[in-house]
Structures are given as structure tokens and as C-alpha cells.
Amino acid sequence: MAEDGGTNTFDVAQFAQNFDHHSRDYTNHLNAIFAHMREQCPVAYSDAYGGFWVLTRYADVMQVVHDDVTWSKLAGMSIPSNREPADPPTFLPGDLDPPEHDVYRHLLDPLLNPSALIQLDPFIRQTVRELIDDFIEKGKADLVQDLAAPLTALVTLKFAGLPLEEWPHHVAERREANSAPLPPEEEMRRVMERFQWTHRSFMQQLEIQRENPVWGGMIERLINTRIDGRPLTDEEYAAIMLNVVIGGLETTQALLGSAWVHLSECADERADLQANLNLMPAAVEEMLRCFSPQPGLARIALCDTEVGGQAIRKGERIFMCWASANYDAAKFDDPERFDIRRKPNRHLTFGAGVHQCYGRNLTRLEAQICMTEVLTRLPDYRVDEGGVERIPDSSTVYGYLTLPVTFTPGVRSD
Ligand code: HEM
């Protein structure tokens, strides 16, 4: 994968000793850092943010995600932490451990089952078509701002039963937070403050739909849900909606952006995929493996334990790097190769275990439809490298703010 800035003057070994996933160096040299760490210090300690361990090998990450007795999310999923163990969860089910976690997860799972995806399919296709129609005659566009961002926002709002016309506000709120990140401690402490608009919109909809429910929508289902015979509290409702909307918006957008950049740089791979669009499902899995939009997340140890031969004490935190595990040669043959025929492809981009991503099949569907449409309707697109802007802090999302491209103008579909 191409990385901004090259690695010539960057000291990977030194970075590994002072690992900081909020730094610009991390964003610019992610893959070189992880390659070095997997080889030299697979379980490394960082003094940053009160101290934490960094796990870079596939087997070690798998050990943690399948052991919910030892490893907890009670201190939040970020480092520095976005919550104290005694705080109410910001994200549901994402912030809880089993068995409390499972109550909310079981409540959500039926809402995104295969038949829900079949119902969303025509909406996704039509939205992609219309968004491309809006710029195809111009011969230029910003594939993040004009396509990936509105698409992922509209699909998430549709699924969540929120007003579609609000999509620009959701995109703008995330864009603002991503382009001007606060210092990490502050960013995490003020996470709810930064989602103020989104939160207000959730609460308004809850009020509206208590009177006039949109039948079959996610909000209506949540309003009518009972946990141990009681309805959800407003806080539970907001934390569920936040987990789904935040989870759905930026990550899929980041995946698409990274994949478009890669295919623009690698003409042979693009031509191969264009000639074999039936391979798109496998190609999207490879995009997920290679361009993990969420490079890593945290856990806290509930007891003294050991990972990869390293003793870790109760109360210490770890940062598990899916983006590194996905390139581990102990798991993947020729991991540096982008191979649209790779099989099996058990990447960890969606995590694993009880917290494995709730929206993974929705992402797969969106990415397959959108990629196919772009490669068919803008077959010769080229990224205008001068205008490309990355999200500067990749601690939670590794992707692009802007992605200008040019292409031979085409015709609208209507
Ligand atoms: C490329 C797109 C996506 C990526 C890379 C991604 C990544 C992840 C990862 C790694 C986890 C596991 C967290 C952990 O173990 O601590 C997760 C959980 C979650 N994701 Fe996603 N996600 C994506 C798309 C989505 C979408 C589209 C939605 C909503 C429709 C969503 C909603 C959630 C929720 C609710 C959880 C919490 C699950 C639980 O704790 O049981 N994600 N996601």
C-alpha cells in the first residue's frame, strides 16, 4: 500500500519504541511501522497516554478477542480512554462486555439480517447511480465528498430510520472533527460534545416517532423493545444509535477511498478487476484486508495474564492492531500482494469474537455495489494527487478527507 511521505527519513525503530497512534507519523507510515513491529517487537510497550501495550501479530490479536473473561471494554475502545469504568456506556453494544453486551447485541442483530440487506440493496444501487449522475458529465469529482460520504451517510440513515435529508449535517460534523482533531486526551473526553448535532437529531426523532412511528424502522423497533420488561432509557437509545451511525458512516467511506487510491496507482490490478467484475465479492474482502479503515482498538486486562510471551498485569491496557494482523505472514501467504482471488481471507478488519462488527455485511454490500459502478462508469478515473488530503489522526479511522479525480466524461443513467 502506498503511504504518504515515503519512509526514507523516518526512523521506524524509534517510532516503535514510542508508539503513538494519534501522531502524523503513524498515519504516514502505518504499514512500515507494523512490518517492523511484527518482526522485532510484536508486543511492544508505549509510554504514551499513561502507558499501553501494542499487539501486532494475528495470533495475539485473536487470543485477545476470543477471551472476554480476561479482556474487557470497560475502559472504552480508545487510548486515551473515552470513559471511566463507572461511566455509562457511550456506545451500545460496543462499550460493554458479555453478558450485558449480549442483551443489546441480540436486540440489534435481527435488524440487519439477510432479509434487511435484501431490502436495502435497491436503495444502495439507486443512490450510487444518482450520486454518480450528478458529476459524470463534468469529467471530474471528489470521490470522497461527492460519492463515498453521501452514500454511506444516506445508507446509514435509511437503515437507522433517520431523516435522509439530514445527511449533510452528519457528514459535516464528522468532517469537522476529523480535519481539526483536538489533542487526544481532550478528543476522547469530549467525544459526546463532538457529536452534539447527531445526538440532538436522535433525541428529536425519538420524540417524533413515539407519536408517529415509522413502521419497521430501527427507531420504531427500539421504542417497542423491552429489556427485562422495561423500555429502553433515552441514554440507551442514544448510545445504540450512536454506535450504529458512527460505525456505519466513516469506516465504509474510508475503505472506498483507500481502494480507489490503490486501484488508481496499480493499473494492472484495476484492469484485472474490471475484466472480472464477478470477482468483486472476493476483491472487496482483499480491500478490507489491505486497507483496514479502523487500524486498531483497545481493551483492558481484568487479571494478570500473558500475550505473545509477554506478561501483562491487571489494569494495563492494550491496543490491538487489526491493520497489522492482516499483513502477518504467519497467517496470509504473500501478505503484501493485493490479490483479488485470495482465498481463504480471514482478515480481522471487522474484529472477531462477540464484538465482531455488527454492520460488516452492510459494508460488504455497499462496497461491492459502489466499486462495480465506479469501475464501470468511470473506468479511466485518475486520482489528482495534489488535491488528496488524508484524515490526519488515524487512531480511529484511516482514510481520506478529499479524493479529487478526473475521468473521461460519461452520460447520466436516466
Ligand atoms: C469498513 C467498515 C467497518 C469497519 C472497518 C468496522 C470495524 C469494526 C470493528 C473492528 C468492530 C469491533 C470492535 C471491537 O472488537 O472492539 C466493530 C464493531 C461494531 N460495528 Fe463496525 N465497522 C464497519 C462498518 C460498520 C457499519 C456499516 C455499522 C453499522 C451499520 C457498524 C456498526 C458496528 C457496531 C454497532 C459495532 C459494535 C459491535 C459489538 O460490540 O457487538 N460497523 N466494527
Side-chain angles (χ1 to χ4, degrees), residues 82-83 87-96 101 103-113 115-124 126-127 130-131 148-178 190-227 229-253 357-359 361-363 365-366:
N82 56 315
R83 60 189 283 256
D87 290 346
T90 310
F91 300 106
L92 279 175
D95 274 348
L96 291 184
H101 159 274
V103 173
Y104 298 94
R105 181 70 192 236
H106 292 157
L107 188 157
L108 281 178
D109 275 338
L111 306 185
L112 202 43
N113 59 16
S115 78
L117 289 171
I118 289 171
Q119 282 176 30
L120 280 168
D121 184 300
F123 177 81
I124 299 172
Q126 185 188 341
T127 306
E130 288 175 3
L131 288 167
L151 170 69
T152 52
L154 282 160
V155 172
T156 309
L157 296 180
K158 175 80 176 170
F159 163 62
L162 291 162
L164 297 186
E165 63 278 10
E166 289 186 351
W167 76 261
H169 295 282
H170 290 278
V171 168
E173 190 170 63
R174 294 315 301 135
R175 190 178 159 72
E176 199 180 316
N178 280 332
R190 292 171 53 189
V191 65
M192 285 311 287
E193 223 176 283
R194 305 212 92 187
F195 290 115
Q196 256 179 22
W197 192 93
T198 299
H199 187 262
R200 222 175 16 249
S201 153
F202 292 161
M203 298 325 285
Q204 270 168 7
Q205 272 308 306
L206 182 60
E207 209 156 297
I208 293 169
Q209 293 204 30
R210 273 184 178 136
E211 295 296 317
N212 297 300
V214 176
W215 293 109
M218 188 172 172
I219 300 178
E220 182 259 317
R221 300 279 288 269
L222 294 179
I223 290 171
N224 289 311
T225 288
R226 296 289 175 273
I227 295 181
R230 64 161 179 86
L232 292 178
T233 64
D234 285 5
E235 289 71 28
E236 286 172 319
Y237 159 81
I240 291 172
M241 295 300 285
L242 199 58
N243 207 158
V244 169
V245 170
I246 299 305
L249 233 127
E250 290 178 296
T251 43
T252 310
Q253 176 183 326
C357 178
Y358 170 66
N361 290 332
L362 179 56
T363 291
L365 183 64
E366 276 180 85

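Just so it is clear, the structure is predicted and the values come from calculations on it, not from any experiment.
Remark: A149 pairs with V171, Q253 by the side-chain contact (heavy atoms from CB on, under 4.5 Å) rule, at least two apart or across chains. Residues passing the side-chain contact (heavy atoms from CB on, under 4.5 Å) test with R226 are P231, sequence neighbours excluded. Every side-chain hydrogen bond (donor to acceptor under 3.5 Å, both in side chains) that E220 has, sequence neighbours left out, goes to N224. D87 meets the salt bridge (charged side-chain N to carboxylate O under 4.0 Å, His left out) test with no other residue; sequence neighbours excluded. The side-chain hydrogen bond (donor to acceptor under 3.5 Å, both in side chains) check on T363 picks up T252, with sequence neighbours excluded. Shown here are the side-chain hydrogen bond (donor to acceptor under 3.5 Å, both in side chains) partners of R200, two or more places apart in sequence or in another chain: there are none. With sequence neighbours excluded, the residues forming a salt bridge (charged side-chain N to carboxylate O under 4.0 Å, His left out) with E236 are R230, listed by chain and number. Applying the side-chain hydrogen bond (donor to acceptor under 3.5 Å, both in side chains) rule to N178 yields the partners E250; only residues at least two apart in sequence or on another chain are considered. Here H199 pairs with nothing under the ring-ring contact (aromatic ring centres under 6.0 Å, His included) rule; sequence neighbours left out. Taking R105 as the reference, D109 meet the salt bridge (charged side-chain N to carboxylate O under 4.0 Å, His left out) condition, with sequence neighbours excluded. Every side-chain contact (heavy atoms from CB on, under 4.5 Å) that Q126 has, sequence neighbours left out, goes to R129, E130.
Note: E165 CD to L154 CG = 10.0 Å, rounded to the nearest 0.5 Å. Between the OG1 atom of T127 and the NZ atom of K158 there is a distance of 8.5 Å, given to the nearest 0.5 Å. Rounded to the nearest 0.5 Å, atoms CG (N361) and CG (L120) are 12.0 Å apart. We find the CD1-OG1 distance between I246 and T156 to be 9.5 Å, quoted to the nearest 0.5 Å. For the atom pair NE2 (H169) and CH2 (W197), the distance works out to 4.5 Å, reported to the nearest 0.5 Å. Rounding to the nearest 0.5 Å places CG of L151 at 6.5 Å from CG of L131.
Between P89 and A239 the shortest heavy-atom distance is O-CB, 3.9 Å. Nearest heavy-atom pair, A116 versus L111, reported as atom, atom and distance to 0.1 Å: CB-O, 3.3 Å. In plain terms, the two heavy atoms of M203 and A238 that are nearest each other are SD-CB, 4.1 Å.
Residue pairs meeting the salt bridge (charged side-chain N to carboxylate O under 4.0 Å, His left out) criterion with at least one member in residues 206-217, sequence neighbours excluded, are R210-D234.
Using modelled atom types, one side-chain atom of Y237 and one backbone atom of F202 make a donor-acceptor pair closer than 3.5 Å. Checking side-chain atoms of D95 against main-chain N and O of L92 turns up no donor-acceptor pair under 3.5 Å. With hydrogens and angles ignored, the 3.5 Å screen pairs no side-chain donor or acceptor of E166 with any backbone N or O of S201.
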| message | Before you tell me yes or no, could you show the steps for L162 and M241 under side-chain contact (heavy atoms from CB on, under 4.5 Å), namely the whole-Å CA-CA distance, both residues' side-chain angles and the distance that decides it to 0.1 Å? | response | CA-CA 10 Å; L162 291 162; M241 295 300 285; 3.8 Å; yes
| request: Would you sort out whether T90 and F195 count as a side-chain contact (heavy atoms from CB on, under 4.5 Å), showing the intermediate values? | output: CA-CA 11 Å; T90 310; F195 290 115; over 6 Å; no
| field | side-chain contact (heavy atoms from CB on, under 4.5 Å) evaluation trace for I240 with L108 | value | CA-CA 9 Å; I240 291 172; L108 281 178; 3.8 Å; yes
| Worked check of side-chain contact (heavy atoms from CB on, under 4.5 Å) between Y104 and N243 | CA-CA 11 Å; Y104 298 94; N243 207 158; over 6 Å; no
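Considering only heavy atoms from C-beta on, V155 stays 4.5 Å or farther from L365 through its side chain. Contact annotation: the side chain of I223 approaches that of I219 to within less than 4.5 Å [non-hydrogen atoms, C-beta and beyond].
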